[in-house]
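Heads up: the structure comes next, in structure tokens.
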Amino acid sequence: MKSRIEDYALIGDEQTAALVSRSGSIDWLCLPRFDSGACFAALLGDKHNGHWRLAPQGADVCARRAYRPDSLVLDTEWDTPEGSVRVTDLMPQRDRAPDVVRIVEGLSGTVTMRGALRLRFDYGSIVPWMRRTDGHRVAVAGPDAVWLRSEPPVRTWGEDFCTHSEFTVHEGEKVAFVLTWHPSHEPRPRLVDPYNALRTSLSDWQAWAARCRYDGPHRDAVVRSLITLKALTYRPTGGIVAAPTTSLPEQLGGVRNWDYRYAWLRDSTLTLNALLGAGYLDEAEAWRNWLLRAVAGDPADLQIMYGLSGERRLREVELPWLSGYAGSSPVRIGNDAVTQLQLDVYGEVIDSLSLGLAAGLPAKPHMWQVQRALMDFLRTAWKQPDEGLWEVRGGRRHFVYSKVMAWVAADRAVRALEGNPKLGGDLDGWRAMRDEVHREVCTRGYDPERNTFTQFYGSKELDASLLLIPRVGFLPPEDPRVVGTVDAVRAELGHQGFVRRYSTAGPNVDGLPGDEGTFLVCSFWLAEALHLTGRVREARELFERIVALANDVGLLAEEYDPVDGRQLGNFPQAFSHLGLVNTALCLYGGKGASPAFPPAVGPPEAGVRGVGGEAG
């Protein structure tokens with residue numbers, strides 16, 4: 001039976017990551033980077049598309065599993081009639097080559113272990129040539145080479161294009177496996193000591209986790225989310241992928257399957273807020289610097305996402321040989337949304353740079369020039385329709401959230417120039433733009449009859465991104481229009497206590513068939529909005545319910561289906577874990593936490609109005 005999405009745990013080395021099932025199978029791993037071809041792709045097909053299972057003979061799912069405290073080292077344990085055994089999985093931070101380390105330890109009795117290693121390069125499509133050399137199994141195909149060794153050596157044999165192993169472990173005995181990738185034209189990298197790798201990984205992760213400044217309720221969940229975000233960071237550049245997977249479906253059997261192995265500008269403010277609020281200034285600076293490199297160039301060419309090193313070409317293609325998770329096809333790599341116009345990203349970039357500077361990150365010589373260039377473009381571009389935050393494929397519209405974020409861009413630029421006139425810039429022009437955007441949104445994006453902002457101009461539909469209006473300071477939380485919007489979103493987009501990002505039952509805004517689950521980050525946004533509008537108890541109750549959706553090792557996917565009780569979408573999802581951290585900071589604060597919400601700043605006429613009164 002196919003493992004549920006939430007049945008997986010994550011291991012990684014801050015350059016790529018693997019998913020390990022409760023049955024002890026690594027079903028997803030891209031080497032050498034997050035966005036490289038997968039050598040284990042059973043997640044999106046079946047075992048013949050590549051996996052590595054290590055478990056007791058005849059056993060199914062494990063009895064229990066957990067991460068070692070404050071680390072990304074995973075322990076999986078089985079109880080059998082003959083005894084108990086533990087498999088410890090990790091990916092040590094690499095020197096040059098990526099390694100997967102799996103250590104088998106007998107806990108009691110004598111247990112017979114079976115291993116099955118099916119390497120399939122290029123997303124499960126290429127069977128490599130296997131050979132033995134110097135006590136290793138070596139797999140080679142095109143540019144890829146993988147070496148497998150065990151300490152002590154165990155019996156292995158080839159059958160059905162798979163490398164099998166069988167051995168026994170007694171109480172106290174250990175057998176370690178190391179799988180190492182390198183370019184096939186280069187010599188084998190130096191051997192890694194698996195036990196030293198375990199000690200070092202534990203020490204490094206625990207020292208990093210100890211730096212967390214958050215000391216409020218659910219600290220364990222916050223730390224686990226921060227560790228997950230660290231694991232999704234591409235260490236050489238500081239970029240953070242949205243998820244380590246592609247094409248995990250938003251609806252089982254549906255077509256809403258996207259590649260999330262890239263870095264999105266939309267995540268930038270939330271990422272910086274989480275890292276700064278929890279005390280991780282070095283990581284926040286690395287992300288800010290990645291952001292500056294990625295957006296360099298003509299502001300008209302700003303993309304919504306980039307590759308791990310800032311690559312721009314992320315062409316979307318389908319992989320027909322993979323059946324998709326639970327039959328959800330097509331499987332896609334690359335993402336055509338990269339070509340979309342999403343005006344909100346200009347606001348998110350400028351807001352991120354402002355937030356970093358306010359938190360004490362050192363300024364870069366060209367940082368203000370970048371912001372001025374973005375503002376020069378946005379002064380006229382904000383009036384265009386766009387594809388919006390959710391990357392809809394149903395045509396451009398005047399999305400309200402995009403306009404709100406254009407206001408954010410102008411607001412932050414005005415604040416910066418008012419605070420330091422020597423920076424230079426069109427202060428009067430930016431103020432005028434800020435006021436114009438505010439008036440237009442409050443007139444064309446607000447429905448006075450229902451007392452709510454809408455998804456786009458002229459629409460009756462709602463959008464969960466409207467919950468961010470008080471968070472970004474567009475209107476104060478006590479404004480009746482804000483309270484009305486929060487209530488409307490909860491009533492119309494709520495689904496069994498959680499929140500959809502928008503309705504898929506009304507006009508075909510996203511241009512796609514089918515439905516999707518509730519969006520976890522949107523549910524976190526509702527908790528924040530409830531808190532900001534004075535409903536603290538309701539906010540905390542909702543936060544508790546969302547945190548309880550995390551799997552047994554604390555991980556969250558993109559979405560949740562409350563009817564079937566299953567996680568959906570790519571996994572684990574940075575957006576969801578960012579939501580958890582930021583909502584905890586909002587609801588409970590924490591020693592040294594940075595302020596999460598800027599004060600509302602709008603034109604004088606944008607004050608509090610009565611319900612149903614004139615907007616703007």
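Below, all heavy atoms of this structure are taken into account, side chains as well, without hydrogens, waters or symmetry copies. Note that the coordinates shown come from a computational prediction; the quantities given were computed from them, not determined experimentally.
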Parallel, tilted or perpendicular, as decided by the 30° and 60° cut-offs, for the rings of Tyr502 and Trp390: tilted

Taking the side chain from Asn582 and the backbone from Leu270, do they hold a donor-acceptor pair closer than 3.5 Å? yes

Would you check, one step at a time, whether the test side chain to side chain contact (heavy atoms under 4.5 Å, CB included) holds for Glu387 with Leu341? CA-CA 6 Å; Glu387 277 91 0; Leu341 175 66; 3.8 Å; yes

Report yes or no: do Thr533 and Arg535 form a side-chain donor-acceptor pair below 3.5 Å? yes

Using the salt bridge (Lys or Arg N to Asp or Glu O under 4.0 Å) rule, take Arg431 and Glu418 through it: C-alpha gap first, then chi angles, then the decisive distance, then the call. CA-CA 10 Å; Arg431 282 176 177 154; Glu418 287 175 340; 2.9 Å; yes

Are the side chains of Leu468 and Tyr401 in touch, meaning some heavy atoms are under 4.5 Å apart? yes

Would you say Asn420 and Trp368 are linked by a side-chain donor-acceptor pair, where the criterion is simply a distance under 3.5 Å? no

Would Arg219 pass as a cation-pi partner of Tyr588, given that its NZ or CZ must be under 6.0 Å from the six-membered ring centre and within 45 degrees of the axis? no

Output yes when Arg540 and Glu544 qualify as a salt bridge under the 4.0 Å nitrogen-oxygen rule, no when they do not. no

Between Asp351 and Arg412, is the closest basic N to carboxylate O distance under 4.0 Å? yes

Check for me whether the distance between the ring centres of His531 and Phe543 falls short of 6.0 Å. no

Test log, rule side chain to side chain contact (heavy atoms under 4.5 Å, CB included), inputs Leu462 and Phe453: CA-CA 7 Å; Leu462 301 182; Phe453 287 93; over 6 Å; no

Taking everything shown except Asp515 itself, do over 12 heavy atoms lie less than 6.0 Å from its CG? yes

Can you confirm whether Tyr306 sits close enough to Glu311 that some side-chain heavy atom of one is under 4.5 Å from a side-chain heavy atom of the other? no

Which pair of heavy atoms, one from Val441 and one from Val400, lies closest together, and at what distance? CG1-CG1, 4.0 Å

Judged by modelled atom types alone, do Glu348 and Thr269 share a side-chain donor-acceptor pair under 3.5 Å? no

Salt bridge between Glu436 and Lys383, side-chain N to carboxylate O under 4.0 Å? yes

Between Leu19 and Pro572, which heavy-atom pair has the shortest distance, and what is it? CD2-CD, 4.3 Å

State, with a plain yes or no, whether a side-chain heavy atom of Thr233 is found less than 4.5 Å away from one of Glu283. no

Please determine whether ring pair (Phe, Tyr, Trp, His ring centres under 6.0 Å) holds for the pair Tyr560 and Phe498, giving the CA-CA distance in whole Å, both sets of side-chain angles, and the decisive distance to 0.1 Å. CA-CA 9 Å; Tyr560 178 71; Phe498 304 103; 5.6 Å; yes

Does Tyr325 reach the main-chain N or O of Ile5 with its side chain, forming a donor-acceptor pair under 3.5 Å? yes

How far apart are the C-alpha atoms of Arg500 and Phe519, what are their side-chain angles, what is the distance that settles it, and do they pass the side chain to side chain contact (heavy atoms under 4.5 Å, CB included) test? CA-CA 5 Å; Arg500 299 179 183 272; Phe519 221 73; over 6 Å; no

pair Pro244-Leu232: side-chain heavy atoms closer than 4.5 Å: yes

Would you say that Arg261 contacts Ile333 through its side chain, given a criterion of any heavy-atom pair below 4.5 Å between the two side chains? yes

Are Gln303 and Val345 side-chain neighbours, meaning at least one heavy-atom pair lies under 4.5 Å? no

What's the shortest heavy-atom distance between Leu308 and Trp290, and which atoms? O-NE1, 3.2 Å

Any side-chain donor-acceptor pair under 3.5 Å between Ser328 and Asn257? no

With heavy-atom distances below 4.5 Å as the criterion, would you say the side chains of Asp411 and Arg415 are in contact? yes

If you define the side chain from C-beta out and look only at heavy atoms, does anything of Leu10 sit under 4.5 Å from Leu555? yes

Heavy-atom pair of closest approach, residues Leu585 and Ala278: CD1-N, 4.5 Å

Could you check whether Thr452 and Asp447, counting side-chain N and O atoms only, form a donor-acceptor pair closer than 3.5 Å? no

Give the intermediate values and the outcome of side chain to side chain contact (heavy atoms under 4.5 Å, CB included) for residues Asn570 and Phe575. CA-CA 10 Å; Asn570 284 301; Phe575 226 17; over 6 Å; no

Among side-chain atoms of Trp264 and Glu391, is any donor-acceptor pair under 3.5 angstrom? yes

The residue among Phe456, Trp382, Tyr457 that forms ring-ring contact (aromatic ring centres under 6.0 Å, His included) with His398 is Tyr457

Cys212 and Leu226: which non-hydrogen atoms are nearest, and at how many Å? SG-CD1, 3.7 Å

Indicate the atoms forming the closest heavy-atom contact of Phe524 with Ile546, along with that distance. CZ-CG2, 3.3 Å

So, Tyr346 versus Phe377, ring centres under 6.0 angstrom or not? yes

